[in-house]
Novice: 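Here you go, one structure.
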Amino acid sequence: MQKYELIGLPRSYNYKEAEKKIAKYWEENDIYGFDEDDNTRSVFSVDTPPPYVSSAHLHTGHAMSYSQAEFIIRYKRMKGFNIFYPMGFDDNGLPTERYVEKKYKINKGKISREEFIDYCLKETKIGAQTYKNLWKSLGISVDWSLSFSTIDEKCRKTSQKSFIELYKKKLIERRNEPIIWCPACRTSLAQADIATQESPGILYDIEFSSLSGEKLIISTTRPELIGACVAVYANPADARYLRLKDERIKIPLYGRDVPVKYDESVDMSYGTGLMMVCTWGDAEDVRKWKEHNLDTVIIIDEGGRLNEKSGQYKGVNIREAKKLIVEDLKQNNLVKNENRLVHTIGIHDRCDAPVEFIQTSQWFINILDHKDEFTFAGNGLTWFPSFMKTRYEEWVSNLKWDWNISRQRFYGVPFPVWYCSKCAEPVLAEEDELPVDPLVSPPRRAAQCPKCANKSFIPEKDVMDTWMTSSMTPFINASWVEKDSSLMTKIFPMSLRPQAQEIIRTWLFYTVVKSIYHTGNLPFNNVMISGWGLDKNGKKMSKSFGNFVAPEDVIEKYSADSLRYWAAKANLGQDLRFNEEDVANGRRLLIKIWNAVRFLVSNIDDDFDPYLEDIGKIGFGMVERWLLTGFENILRSAGKYLESYEYSSALRITVDFFYNIYCDNYLEIVKNIFWDEGGSSIEGKSERKRRSLNAMYFVSLNILKVFAPFLPFITEELFLSFYSRFETGKSIHLSKWPELRKDLIHEDSIKTMQILLDILESSRKLRTNLNLHQNHKIKRLFIRSLDAELIDALNILSADIISACRADELIISDLADFPTANPAIFISLEK
RNA sequence: GGGCGGAUAGCUCAGCAGGUUAGAGCAUCGGCUUUACAAGCCGGGGGUCACAGGUUCGAGCCCUGUUCCGCCUACCA
């Protein structure tokens with residue numbers, strides 16, 4: 001073990017130096033290592049979010065949410081849990097591809113798959129290192145030996161095994177059907193990848209006509225799709241259109257004709273009450289197409305251009321096509337009206353391009369048939385804060401599509417699948433050949449197709465949705481792919497899943513799906529959802545928006561502890577504005593802590609021993625009893641708050657206690673007994689000093705322990721450089737959370753001490769009024785009270801009142817006239 | 001359209017099984033420097049708790065409605 005030098009404390013706390021030194025100390029001494037062989041302690045396992053390393057720079061919002069989870073984890077560690085706290089890097093999939101494409105201005109169509117993957121791997125490496133450095137400097141206490149990267153061998157193997165298992169359980173199937181498609185990224189997507197965007201549009205009233213010559217107006221925002229129109233719909237209750245029952249409607253510009261159909265979903269009051277249904281303008285078109293067996297006229301290709309079925313518009317992209325078609329309709333005098341409107345359109349959440357529907361073969365995980373199960377699962381989790389559960393429930397109940405896990409991209413985990421070149425029967429890899437890339441190796445086991453005995457195969461080119469891997473994080477952590485992994489019983493289900501709110505519908509939901517399908521159990525017990533970091537104007541911080549504050553800069557200027565202090569200000573689940581003043585307040589707290597401990601350190605003698613006598617057996621006077629009572633009460637509350645993930649309240653009450661009770665009052669009341677003054681009237685001064693030092697040692701050490709989860713660096717620095725003279729253990733973070741000492745609680749001391757505090761407050765006011773500084777020695781302090789009980793109390797407190805008010809003498813007299821907060825007591829003083 | 005969160009001092013936020021006179025930090029004003037800390041200490045001023053009703057002996061907190069802000073969700077093409 002590395003030695004830590006015991007030194008006297010310098011005048012000021014050099015956090016830059018100290019934080020670097022301590023981060024190194026933690027690493028070299030493996031302070032945060034998980035002990036797999038320890039069977040004495042319970043395990044607390046954390047399903048840490050793997051951030052996209054391709055974003056390169058994290059902002060203070062990330063620092064905030066990781067810190068918030070970490071407060072709880074550090075607390076649990078001190079409560080004696082064996083902590084399993086890994087760090088993953090999410091470096092596979094579309095986010096990384098998008099990042100690489102942008103950074104190197106790559107066109108997916110013009111680069112080989114291998115080259116592209118090389119770029120991704122390179123960026124991934126750089127990103128991971130950047131992240132790791134930042135987490136270390138922020139004091140995130142993960143066990144780095146438990147790191148994983150979602151593109152590494154174990155993760156690929158895990159995803160592929162998951163695929164094979166679910167396929168065997170008939171929960172995965174390949175279907176050729178209309179699917180959400182991003183024309184910009186040229187890939188299919190899942191429902192969870194879609195965001196909505198309000199955008200202005202135009203509702204065109206277009207004149208159609210029936211074969212019998214009747215003119216009909218149909219309103220649509222997507223005239224470019226008229227070539228894909230396969231039916232015209234009306235509401236079955238709409239008397240106006242019942243007569244069209246056996247009619248066919250001619251499509252303008254195309255001349256094709258389509259049937260008239262009826263469906264209750266058609267809003268009679270919208271437009272003319274007639275609606276065109278296309279292949280496929282939106283999810284509702286897809287539903288009608290499926291339910292009513294409509295024709296299929298696909299006119300959009302994978303790149304978002306119109307194809308040959310669109311006739312003269314072939315090769316034109318959708319936006320252009322809209323203009324051209326509207327123009328042509330207008331020339332034929334078929335546009336009867338235009339109404340501006342704002343409508344919500346679905347966009348791809350990674351690139352903001354409007355999504356379309358096209359039909360291709362994709363792999364789907366069945367989820368729609370199990371919605372009830374997943375809703376039920378949400379109830380099995382303990383949500384912090386509880387209202388976040390609603391987000392999950394809403395999402396599950398609104399699911400309309402099975403989970404499409406195929407992506408027509410390059411960089412991701414390959415499917416362990418080949419297809420028979422003759423009959424297209426899929427052939428899956430065996431588990432012991434994973435991970436496998438079908439583009440590189442042929443199917444080893446299946447020398448021939450099980451269905452038609454053909455011997456040639458076509459590899460699956462698609463890669464898996466990135467969430468296919470991320471949803472396996474509890475399994476990756478538990479080494480599920482390794483035979484007889486003892487971790488599956490040790491850390492699974494995981495104790496805590498901390499994460500951001502916007503990925504409830506993806507990471508959280510998909511993980512629940514996978515866990516239930518693979519094990520029948522929930523993947524974790526507790527869910528902790530953090531809010532967002534906002535900029536100082538209240539807008540969500542984001543890299544792409546450019547309104548982010550770099551955590552490295554904040555740490556450099558104010559220290560990691562100060563940044564964490566800011567992060568602790570928001571209640572869990574609530575957004576937090578970045579406010580430099582608050583960070584500066586954190587630094588102010590550090591300096592105060594430093595100096596408060598320095599006061600203790602500079603006043604102990606060589607023979608000081610805090611454990612000579614048990615703290616409970618020392619015959620403390622009223623002031624120390626009050627201090628200890630206050631501390632124990634704070635300890636009890638802070639513990640309660642932390643148990644329910646209310647870290648911000650825990651820190652707040654501790655800070656309040658530290659400032660108001662410990663520093664501003666306790667230390668001020670007793671400090672002059674440490675002054676080397678001749679002729680002091682305090683009797684038994686050395687004994688009084690000893691008791692005070694014992695109380696200070698006890699309270700300051702235990703306050704540091706309560707601060708430790710929040711301010712890991714300064715608490716460690718003080719622990720190692722001073723307290724470790726008397727304490728065992730190589731880190732404050734491995735020390736035990738203070739036990740509640742009920743024997744130190746004397747509730748009556750609070751009431752009695754209030755008398756002294758009222759007098760002290762008024763004495764301070766008097767001094768201010770008289771322009772006297774607070775340590776100015778006064779000759780006499782006069783106190784007037786007619787209450788016999790109060791006078792008894794004053795006599796008990798007299799020595800402390802004299803000390804607190806820096807008086808030479810206390811006289812109970814009727815001279816006093818300055819009111820105190822206690823209406824029965826007046827004071828005055830004589831310079 | 002439905003839902004969730006928020007609205008408290010100039011600013012950022014606490015507060016709650018409903019209980020005297022609503023708190024903190026910052027900012028502001030005044031005072032104080034040998035004796036842990038001037039990146040400090042002491043003190044002062046500052047609030048119709050978004051609005052309107054209601055329940056209650058008593059409401060920032062509970063109920064009803066309204067208005068703003070943020071978010072989630074939704075097939076009005």
Side-chain angles (χ1 to χ4, degrees), chain A residues 9 11-13 195-196 201 203-204 218-222 225 233 263 265-278 281-288 341 343-344 346 385-395 397-398 400 501-502 504-505 531-532 534 536 538-540 558 562 566 569-571 573-582 584-603 648-649 652-653 655-656 659-660 663-664 667-668 671-672 674-677 696 760-776:
Chain A
L9 300 181
R11 270 187 76 83
S12 61
Y13 173 49
T196 55
L203 183 64
Y204 297 92
I218 295 180
S219 303
T220 180
T221 53
R222 303 206 58 186
L225 288 181
Y233 270 78
D263 192 278
S265 69
V266 179
D267 183 346
M268 291 188 270
S269 63
Y270 193 91
T272 55
L274 280 181
M275 172 184 186
M276 74 168 188
V277 170
C278 307
D282 58 27
E284 188 59 12
D285 284 353
V286 175
R287 183 185 68 79
K288 294 197 182 80
L341 54 72
H343 57 165
T344 51
S386 57
F387 65 80
M388 287 292 181
K389 188 170 88 171
T390 317
R391 301 263 173 109
Y392 173 91
E393 287 172 337
E394 249 181 359
W395 177 254
S397 78
N398 282 315
K400 286 196 301 281
Q501 52 188 316
E502 68 268 27
I504 289 175
R505 66 188 202 170
W532 285 331
L534 308 178
K536 63 174 192 280
K539 282 259 173 293
K540 189 194 171 195
Y558 293 101
S562 301
W566 165 75
K569 283 202 61 157
N571 284 330
Q574 254 164 14
D575 298 342
L576 178 63
R577 283 183 200 222
F578 184 78
N579 186 346
E580 198 160 336
E581 290 295 344
D582 288 332
N585 261 337
R587 186 174 60 181
R588 177 175 163 257
L589 173 62
L590 302 185
I591 294 166
K592 194 79 175 172
I593 292 171
W594 184 262
N595 283 303
V597 173
R598 208 158 65 85
F599 179 78
L600 168 64
V601 173
S602 61
N603 280 299
S648 70
S649 297
R652 182 167 33 78
I653 60 166
V655 170
D656 284 352
Y659 271 104
N660 300 331
C663 294
D664 295 346
L667 292 184
E668 290 301 328
K671 78 201 275 189
N672 70 342
F674 296 97
W675 292 349
D676 206 12
E677 288 171 344
M696 268 191 239
L760 178 56
E761 185 194 342
S762 294
S763 133
R764 283 169 170 168
K765 278 184 198 180
L766 260 180
R767 285 169 183 276
T768 299
N769 290 352
L770 297 169
N771 293 357
L772 289 177
H773 69 84
Q774 296 301 329
N775 284 335
H776 182 97

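Chain identifiers are assigned alphabetically (A, B, ...) following the order of the sequence lines, protein sequences preceding nucleic acid strands; residue numbering begins at 1 within each chain.
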Novice: What's the separation between atom CE in A:M275 and atom CG in A:D267, rounded to the nearest 0.5 Å?
Specialist: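 Nearest 0.5 Å value for the CE-CG distance: 9.5 Å.
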Novice: Any idea which of B:C41, B:C71, B:C75 is nearest the A:S265 side chain?
Specialist: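 Nearest nucleotide to the side chain: B:C75.
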Novice: Decide yes or no on salt bridge (charged side-chain N to carboxylate O under 4.0 Å, His left out) for A:D282 and A:K288, but give the supporting numbers first.
Specialist: CA-CA 10 Å; A:D282 58 27; A:K288 294 197 182 80; over 6 Å; no
Novice: If you only use heavy atoms from C-beta on, which nucleotide in B:A77, B:G5, B:C72 is closest to the side chain of A:H343?
Specialist: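 In terms of side-chain proximity for A:H343, the closest of B:A77, B:G5, B:C72 is B:A77.
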Novice: Determine the contact category for A:W594: base if any of its heavy atoms lies under 4.0 Å from a base atom, sugar-phosphate if only primed atoms, P, OP1 or OP2 are that close, otherwise nothing.
Specialist: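 Nothing: the residue A:W594, judged by heavy atoms under 4.0 Å, touches no strand.
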Novice: With the side chain of A:R505 defined as its heavy atoms from C-beta on, choose the nearest nucleotide among B:A36, B:U73, B:G43.
Specialist: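 In terms of side-chain proximity for A:R505, the closest of B:A36, B:U73, B:G43 is B:U73.
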Novice: Using a distance-only criterion (donor-acceptor N/O pair, under 3.5 Å, no hydrogens), is the base of B:G2 paired with the side chain of A:E394?
Specialist: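 Checked by distance alone, the answer is yes.
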Novice: A:R391 vs A:Q501, test: side-chain hydrogen bond (donor to acceptor under 3.5 Å, both in side chains). Steps then yes/no.
Specialist: CA-CA 8 Å; A:R391 301 263 173 109; A:Q501 52 188 316; 3.0 Å; yes
Novice: Counting only side-chain heavy atoms from C-beta out, which of B:A36, B:U73, B:C41 sits nearest to A:W395?
Specialist: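 Taking heavy atoms from C-beta onward, the closest nucleotide is B:U73.
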Novice: How about A:E502 and A:W532: does a side-chain donor come under 3.5 Å of a side-chain acceptor?
Specialist: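 Yes - a donor-acceptor pair under 3.5 Å links their side chains.
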Novice: Identify which nucleotide among B:A36, B:A77, B:C75 has an atom closest to any side-chain atom of A:Y270, counting heavy atoms from C-beta outward.
Specialist: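 Side chain of A:Y270 sits closest to B:A77.
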Novice: Is the NZ or CZ atom of A:K592 positioned over A:Y659's six-membered ring, under 6.0 angstrom from the centre and within 45° of the axis?
Specialist: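 No, A:K592 does not lie over the aromatic ring of A:Y659.
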Novice: What's the closest nucleotide to the A:Y659 side chain, out of B:C76, B:C37, B:C41?
Specialist: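 Shortest atom-to-atom distance from the side chain points to B:C41.
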Novice: The side chain of A:Q574 lies closest to which of these nucleotides: B:C76, B:G6, B:A74?
Specialist: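 For A:Q574, the side-chain atoms sit closest to B:G6.
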Novice: Please work out if A:K671 contacts a base, only the sugar-phosphate, or nothing of the nucleic acid, heavy-atom cut-off 4.0 Å.
Specialist: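 The answer is base, as A:K671 lies within the cut-off (heavy atoms under 4.0 Å) of a base atom.
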Novice: Is there a Watson-Crick or G-U wobble partner for B:A22 with both distances under 3.5 Å, and which nucleotide is it?
Specialist: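 Pair assignment: B:A22 / none.
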Novice: Please classify the nucleic acid contact of A:V266 as base, sugar-phosphate, or nothing, using heavy-atom distances under 4.0 Å.
Specialist: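 Base contact.
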Novice: Can you find a donor-acceptor N/O pair under 3.5 angstrom joining the side chain of A:E668 to the base of B:C37?
Specialist: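 Answer yes: a donor N or O sits under 3.5 Å from an acceptor.
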Novice: If you compare every side-chain N and O of A:K592 against the phosphate oxygens of B:C41 (OP1, OP2), does one of them come in below 4.0 Å?
Specialist: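 Checking B:C41 against A:K592, a side-chain N or O does come within under 4.0 Å of OP1 or OP2.
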Novice: Is the phosphate of B:G40 approached by A:R588 (side-chain N or O, under 4.0 Å from OP1 or OP2)?
Specialist: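 Yes, within the criterion.
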Novice: So which nucleotide from B:C32, B:G43, B:A39 ends up closest to the side chain of A:T768?
Specialist: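 Ranking B:C32, B:G43, B:A39 by closest atom to the A:T768 side chain puts B:G43 first.
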Novice: Considering only B:C72, B:C41, B:G15, which nucleotide approaches the side chain of A:R652 most closely?
Specialist: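 When the side chain of A:R652 is considered, B:G15 is the closest of B:C72, B:C41, B:G15.
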Novice: Please state whether the phosphate of B:G44, meaning OP1 or OP2, lies under 4.0 angstrom from any side-chain nitrogen or oxygen of A:K765.
Specialist: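 Yes, within the criterion.
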Novice: Tell me whether the OP1 or OP2 atom of B:C37 has a side-chain N or O from A:R11 closer than 4.0 Å.
Specialist: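 Checking B:C37 against A:R11, a side-chain N or O does come within under 4.0 Å of OP1 or OP2.
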Novice: Would you say A:R577 places a side-chain N or O within less than 4.0 Å of OP1 or OP2 belonging to B:U12?
Specialist: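 For B:U12, OP1/OP2 do have a side-chain N/O of A:R577 under 4.0 Å.
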Novice: Considering just the side-chain nitrogens and oxygens of A:N579, establish if one lies under 4.0 Å of OP1 or OP2 belonging to B:C11.
Specialist: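 Negative; the distance criterion is not met.
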Novice: Which comes earlier along RNA chain B counting from the 5' end, the contact point of A:E502 or that of A:L576, where each point is its nearest nucleotide?
Specialist: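 Its nearest nucleotide lies further toward 5', so the answer is A:L576.
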Novice: Rounding to an integer number of Å, can you tell me how far A:N775 CG sits from B:A36 P?
Specialist: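 Rounded to whole Å, this separation is 8 Å.
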Novice: When you measure from the side chain of A:N398, which nucleotide among B:G31, B:C72, B:A74 comes out closest?
Specialist: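 Taking heavy atoms from C-beta onward, the closest nucleotide is B:A74.
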